[in-house]
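These notes concern the structure reproduced below.
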Amino acid sequence: MESGVADQSILRIENLHKAFGATQVLQGIALVVKPKTVIVLVGPSGTGKSTLLQCINLLVKPDQ
């Protein structure tokens, strides 16, 4: 393994919040993605998977 790569992250999210009106969609989300890692988001419809991806890409502005 390359020196120092294991300690780095390519994406770090801490305490992400997003609401649409009175509906809290994301509350305190934390996510760390390290190099050469595959992440899969799974869950029922309406649980915020797409909203999280849109916030990561700044297509939707997070509230916090």
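Source: prediction; values computed, not measured. Count residues from 1 along the sequence.
Gln64 contributes atom CD, which lies 8.5 Å from atom CG of Leu16 (distance to the nearest 0.5 angstrom). Here CG of Asp63 is found 4.5 Å from NZ of Lys18. Values are rounded to the nearest 0.5 Å. Here the straight-line distance linking atom CZ of Arg12 with atom NZ of Lys34 works out to 8.0 Å at 0.5 Å rounding.
Note on Val32 and Ile39: separate hydrophobic clusters, where clusters join Ile, Leu, Val, Met, Phe, Trp and Tyr whose side-chain heavy atoms are under 4.5 Å apart, directly or indirectly.
Checking each of Leu58, Leu59, Val60, Leu52 against Ile56 for a side-chain contact (heavy atoms from CB on, under 4.5 Å) leaves exactly one that passes, namely Leu52. For the side-chain contact (heavy atoms from CB on, under 4.5 Å) criterion with Cys55, the lone passing option out of Val25, Ile29, Ile13, Leu26 is Leu26.
Of all non-hydrogen atoms in Lys49 and Gly43, the two that sit nearest each other are NZ-O, 3.0 Å.
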